[in-house]
Number of protein chains: 2
Amino acid sequence: MATIYDVAKRANVSAMTVSRVINNGSSIKESTRLRVEKAIKELDYIPNRSAQSLISKDTKLLSLLITDVANPFFTSIARGAEDKAHEKGYQLVFSNSDENIEKETSYIRSAVSRGIDGMLLTPSGDFSIQNINILTKYKIPFVLVDRSLKGIESDIVHGDNSDGTKKLMDHLFENGHRTIGFVTGPSSISNVRERGDAYKQFIKDNKLPFNEKWTFQTDLARMQTLSYINLLLEASKEDRPTAILCSNNFLAADLVNNMNKMGLHVPDDISVVCFDDPHAIQMPNSFFTVVNQPAYKFGYTGMEMLIDRIEGKSGKEHKEIVYDTELIIRQSTKKIN
Amino acid sequence: MATIYDVAKRANVSAMTVSRVINNGSSIKESTRLRVEKAIKELDYIPNRSAQSLISKDTKLLSLLITDVANPFFTSIARGAEDKAHEKGYQLVFSNSDENIEKETSYIRSAVSRGIDGMLLTPSGDFSIQNINILTKYKIPFVLVDRSLKGIESDIVHGDNSDGTKKLMDHLFENGHRTIGFVTGPSSISNVRERGDAYKQFIKDNKLPFNEKWTFQTDLARMQTLSYINLLLEASKEDRPTAILCSNNFLAADLVNNMNKMGLHVPDDISVVCFDDPHAIQMPNSFFTVVNQPAYKFGYTGMEMLIDRIEGKSGKEHKEIVYDTELIIRQSTKKIN
DNA sequence: CTGTTAGCGCTTTCAC
DNA sequence: GTGAAAGCGCTAACAG
């Protein structure tokens, strides 16, 4: 592997001159520049970033820590983040925390060790604060995506969870649904909380029947929707919900898959709605009625905020960007009388 | 950010001793080890990887270069690759080449510059050989995924393209289809070629009508299926294909979306099949009849091969892993008489 | 416009 | 068991 000295020798200049050529540094005589560039090409010289980073203290490496790339919502975030990072000359290390706090800790520690310039992350829950503290301690800029953290001031980009929930509930209400169940994740996650609050608020505002029984909370990584379905099956048709609101796409997919297995048909027996599309590609006959969030923009804008902060282009105060959600009515909901 | 010298000073030892403690190096007196560990904890010292890499020549950083994470096929590869990398203590930089050779070159150059230990990649086409040469030149191990490269010997993991195509064609044939169109990508991509060959072979073997007109080749990044659809619309119902084989999922999604816009209904007017699921989550009412490839395993096993090679656990000869495909019959195909 | 010197944070080599 | 010196590949700071 050729070093800067090899190039220097070949071009009959000092290493410093080569360095200047590489970094478009101060004025260099055209003839020497050409000689150096020729030598670079001939030796196929590629600068060693580790050596550069050792001096500059930056690595042009960013970290993207999400729950699971395989979830189309996060896939889009990842794509958006990578696009912006690439645009700005950064590269992206990605990690899947799987909603697991220990995994998150270990990823953050190795990211710090690697000297990443910043991190874009979806914290797995309020416990993540201890991990965020590592970043703060090492003065590593970070931006939160999709989930906020109680008591943590930071740049953040997320969707309008309350309004999104309301849109979903409105849609169900307009279609005649009155008893509406709720399948959700752990309340240590901010958006889960916000969606839950909006759900309860809607029920109160519209004086809908409420039974705690129809609210089901499960782990987002290991979903146990089957027990909820059993509850539905045990209840009489009059008692059980005619519609279910799921607080995320994977949950909804798991629920509906299991319902089908157990002989409950969507939307004929029960309507189902959720946040975020379970499908990356928009198909004319997609199944789920959803409130969609602009996930790509979450990643793209979040990355932009992060890089701005890294490069000192953000003010002292933290920025919060909230995106509107969009209701897309499809086949998983049905009007009832 | 604390350095090894800060720790050394605090523990009253030399930097060398601290280094030995960090790396579980040779014998150290228990008491000094404890003193050093205490200092490390107190200072919250995390070793600087750039400095380590400058000496050791390895980074524990791997690169994943794929076409587009947003394509569910590649999403699964990414997830599989990250899982294995994490298992083995490596981190993953990911990049989207978008089938663009220049982007690919630039990503490979920065990966090399970064000193990655190895690369798992889906080359954008046969031109990628020039990029592969960079890796070879710098002796960076790599494993090919999904696509081979003419004349390049390397570790590789991919699906059985011929057999997959045959499964799809068999299915169409059994459902009465005789005039079968083919929508595909550039022939510089190995699997596109292999699928095309298998398609032609099937037509020949079964003495099906063949008209060059119904084979349409387009760019995989900027698909132009509309012009093909116009061709279909101009033709009489007797002449045009009753089914279309798409060589990949994005192509199929784009085609069907456009067909719907133009008033051609799938499967009522025309059946459509393709390789790879356009949806990451398996839904009971998914649309496409596909031949699915175990994409997660592509990533997981590919990464395993890569790490084995990096760590010198592979033999001299290159390994090729070919996975079987699985036909999944869904709603995009229909029996005709 | 170009070169010299020193040093980033760590580990290898060789002493003791 | 432990340390001192040298150097990995690069660039900041200064000199010329």
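We name chains A, B, ... by the order of the sequence lines, and we start the count at 1 in each one.
Between the side chain of R49(A) and the base of dG9(D), no donor-acceptor pair under 3.5 Å is found.
When the C1' atoms of four end pairs are superposed on the next four at each end of the helix from dC1(C)-dG16(D) to dC16(C)-dG1(D), using five pairs per end, the two resulting axes differ in direction by 30°, to 10°.
When rounded to the nearest whole Å, the span between CD1 of I55(B) and P of dG7(D) equals 13 Å. Rounded to an integer number of Å, the gap from M16(B) CE to dG1(D) C1' is 12 Å. Taking atom CZ of R20(A) as the reference point, atom P of dC10(D) lies 15 Å away to the nearest angstrom. Between E30(B) atom CD and dG1(D) atom P the separation is 10 Å, expressed in whole Å. Atoms OH (Y45(A)) and P (dG9(D)) sit 10 Å apart, rounded to a whole Å. The distance from atom CD1 of I28(A) to atom P of dT11(D) is 12 Å, rounded to the nearest whole Å. Atom P of nucleotide dT11(D) and atom NZ of K60(A) are separated by 13 Å, given to the nearest angstrom. Rounding to whole angstrom units, CE of residue M1(A) and C1' of dC8(D) are separated by 12 Å.
Below 30°, between 30° and 60°, or above 60°: for F298(A) and Y323(A) the angle between ring planes is below 30°, a parallel geometry.
Counting non-hydrogen atoms of neighbouring residues, nucleotides and ligands closer than 6.0 angstrom, the NZ atom of K319(A) reaches no more than 12 such neighbours. Taking a 6.0 Å sphere around NZ of K9(B), one finds it holds 12 or fewer heavy atoms contributed by other residues, nucleotides or ligands.
For N23(A) and dT11(D), the shortest distance from a side-chain N or O to OP1 or OP2 is below 4.0 Å. Here T32(B) reaches the OP1 or OP2 of dT2(D): one of its side-chain N or O atoms lies under 4.0 Å away.
Mapping Y5(A) and T17(A) onto DNA chain C via the closest heavy atom, the residue that lands nearer the 5' end is T17(A). Each of A2(A) and S14(B) was assigned the nucleotide of DNA chain D with the nearest heavy atom; the assignment lying further toward the 5' end belongs to S14(B).
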Checking salt bridge (charged side-chain N to carboxylate O under 4.0 Å, His left out) for the pair R79(A)/D68(B): CA distance, chi angles, key distance, verdict?
CA-CA 8 Å; R79(A) 181 68 222 229; D68(B) 178 10; 2.8 Å; yes
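Put simply, the side chain of E42(A) reaches to within 4.5 Å of the side chain of K38(A), judged on heavy atoms. Using a 4.5 Å heavy-atom cutoff, the side chains of V18(A) and V13(A) are in contact.
Side-chain atoms of H158(B) and E320(B) include a donor-acceptor pair closer than 3.5 Å. Remark: the Y296(A) side chain and the D83(A) side chain contain an N/O donor-acceptor pair separated by less than 3.5 Å.
The shortest non-hydrogen separation linking F250(B) to P72(B) is CE1-CD, 3.6 Å.
Think of the region where chain B sits on DNA chain C: with heavy atoms and a 4.0 Å cut, that region ends 5' and 3' at dG9(C) to dT12(C).
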